[in-house]
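For reference, the structure discussed in these notes is given below.
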Amino acid sequence: MASASASLFKSSIVLDKSEWVKGQTLRQSSVAAVRCNPAAPSSLTIRAGSYANELVKTAKTIASPGRGILAMDESNATCGKSLASIGLENTEVNRPAWRTLLVTVPSLGEYISGAILFEETLYQSTTDGRKIVDVLIEVWCPLLVPMMRWCQGLDGLASRSAAYYQQDAHFAKWRTVLSIPNGPSALAVKEAAWGLARYAAISQDNGLVPIVEPEILLDGEHSIDRTFEVAQKVWAEVFFYLAENNVQFEGILLKPSMVTPGAESKDKVSSATVADYILKLLHRRIPPAVPGIMFLSGGQSEVEATLNLNAMNQSPNPWHVSFSYARALQNTALKTWGGRIENVQAAQEALLFRAKSNSLAQLGKYTGEGESEEAKKELFVKGYSY
Ligand code: 13P
């Protein structure tokens, strides 16, 4: 099954993603996109064409100091699992109630520069009848963009992207998943990289900043060295094919998983070690032209994800190194809410605290003070999907 989320900034875009697990593709996407930028003189010129300046501006705005992305693009099924964890049913009343809580946190825009939405959210209203998208754009930041999740692959992506740009979307997200146990095969890596590159090129052709997300799952007992080895290969191929597709690097954002031991490994490593591995890999593989590296949390605890990010920002980096977390931003807020109206304010304060902690981590100033036991709980779930 493939899923893709789109994210963004002031408008939404549509995206797809293909997932590869254990060397197998779960969804076959094919079809080359049609270039639809009449200004581009040939298929070998750089992507983006007349959108080039806008893409750079969008990417820079998302990657602004002390800010990151709130990923809230869980599919309805995955949202249902979150709701079940607090004893709520997965209904069209409870999902908007939770999403309303997330998007109406006052001042969240100080720490969050964009939100990734599931497709349904694009059309949902808050519990008091306002369109969620309007709330995001007005309350947080005029540049916020909704994201959507689509499962249609590359087919029709160009026209869908163009349509969402018309609706004011500014960025999109495509997540491709690779698994380390028993893989990933060279073919899986190549296909994942190619799909991400095609999506990125199509997005830029249509004015959307592509968030490129090659996620290497935490599942497994492997060491941090094995994760490093796989990530090195995956990132190299992704950037090779991005270049082959003439993607403008200044107009993309990379959303990778962190380089850590597998979640089932006996090895425990410090945040400083995780940061050493990641920074080494970033320097080896990612051109400084890429404005932002927006990490996913992947099942780490909220505190662990924040500590790791903080460790990466202890000295200046060529890129804005930040967060685009779902679980590691939402968990404590969800548990605090528990589906009770009287807990909404406390839950929103918990989300604000998390966002502020990660904002400090983006600046390398997070101290770990004031963290709850809930925030220290590991969030890894074997075979987790969106
Ligand atoms: P997590 O931070 O929960 O891994 O989510 C990442 C993601 O890609 C959601 O858009």
Side-chain angles (χ1 to χ4, degrees), residues 1-9 12-20 62 68-79 81-82 85 98-99 102 112-122 144-151 171-179 192 196 199 209-219 227 253-260 262-263 292-309 322-335 351 354-355 357-358 361-362 375 377-386:
M1 117 183 152
S3 62
S5 314
S7 60
L8 297 282
F9 197 67
S12 320
I13 195 185
V14 178
L15 320 166
D16 301 17
K17 82 185 168 190
S18 55
E19 294 186 354
W20 289 82
I62 300 234
I69 294 172
L70 169 62
M72 46 179 288
D73 57 327
E74 294 84 0
S75 65
N76 285 352
T78 305
C79 189
K81 286 182 204 156
S82 301
S85 75
W98 170 235
R99 290 168 179 157
L102 293 175
I112 301 290
S113 51
I116 305 175
L117 307 183
F118 180 58
E119 181 189 4
E120 178 190 69
T121 316
L122 190 63
L144 273 176
V145 182
M147 316 200 66
M148 294 156 287
R149 174 180 287 247
W150 296 84
C151 299
F171 68 98
K173 189 196 89 169
W174 177 297
R175 170 175 176 254
T176 294
V177 175
L178 294 134
S179 168
L196 283 164
Y199 135 80
V209 167
I211 295 182
V212 175
E213 182 177 356
E215 175 170 2
I216 298 165
L217 295 172
L218 272 184
D219 298 58
T227 308
L253 295 166
L254 178 68
K255 178 168 175 171
S257 40
M258 293 189 193
V259 178
T260 65
I293 316 295
M294 319 298 290
F295 283 97
L296 59 92
S297 60
Q300 302 175 77
S301 75
E302 290 166 297
V303 169
E304 190 183 0
T306 310
L307 282 170
N308 288 343
L309 180 62
S322 192
F323 60 94
S324 175
Y325 302 153
R327 283 167 281 181
L329 276 174
Q330 297 179 27
N331 173 61
T332 301
L334 179 75
K335 300 289 159 46
L351 179 59
R354 230 13 311 121
S357 298
N358 283 296
Q362 198 289 309
K377 286 188 190 156
E378 191 185 273
L379 302 172
F380 172 71
V381 175
K382 216 176 159 103
Y384 189 79
S385 67
Y386 274 81

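In each ligand, atom 1 is the first atom listed, and ligand 1 is the first ligand listed. Computation of the quantities below employed the complete heavy-atom set of this structure, encompassing side-chain atoms and omitting hydrogens, waters and symmetry-equivalent molecules.
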Sub-4.5 Å side-chain heavy-atom contact between Pro256 and Ile293: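 In contact.
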Ile112 vs Phe323 side-chain heavy atoms within contact, under 4.5 Å: yes
Heavy atom of Gly298, distance to ligand 1 below 4.0 Å: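 The answer is yes: ligand 1 sits under 4.0 Å from a heavy atom of Gly298.
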Closest non-hydrogen atom pair, Gln300 against Leu379: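 Smallest heavy-atom distance, with atoms named: O-CD1, 3.6 Å.
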If you measure every N/O of [X] against every N/O of ligand 1, is any gap under 3.5 Å?
| X | answer |
| --- | --- |
| Lys255 | yes |
| Glu215 | no |
| Arg327 | yes |
| Ala326 | yes |

Side chain Ser113, main chain Gly68, donor-acceptor under 3.5 Å: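 Checked: pair present.
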Tyr199 side chain to Ile211 backbone, donor-acceptor under 3.5 Å: yes
Side chain, backbone, both or neither: the part of Glu74 lying under 4.0 Å from ligand 1 by heavy atom: neither
Region of Glu213 that comes within reach of ligand 1 [heavy atoms, distance under 4.0 Å]: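 Looking at Glu213 and ligand 1, just side chain atoms fall under 4.0 Å.
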Enumerated ligand 1 atoms positioned under 4.0 Å from heavy atoms of [X]:
| X | value |
| --- | --- |
| Asp73 | 9 (C), 10 (O) |
| Ala71 | 9 (C), 10 (O) |
| Ser297 | 1 (P), 2 (O), 3 (O), 4 (O) |

Distance-only polar pair, side chains of Ser82 and Gln330, donor-acceptor under 3.5 Å: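 Their side chains do not contain a donor-acceptor pair, so the 3.5 Å distance test is not met.
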Distance-only donor-acceptor check, side chains Arg354 and Thr306, under 3.5 Å: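 There is such a pair between these side chains.
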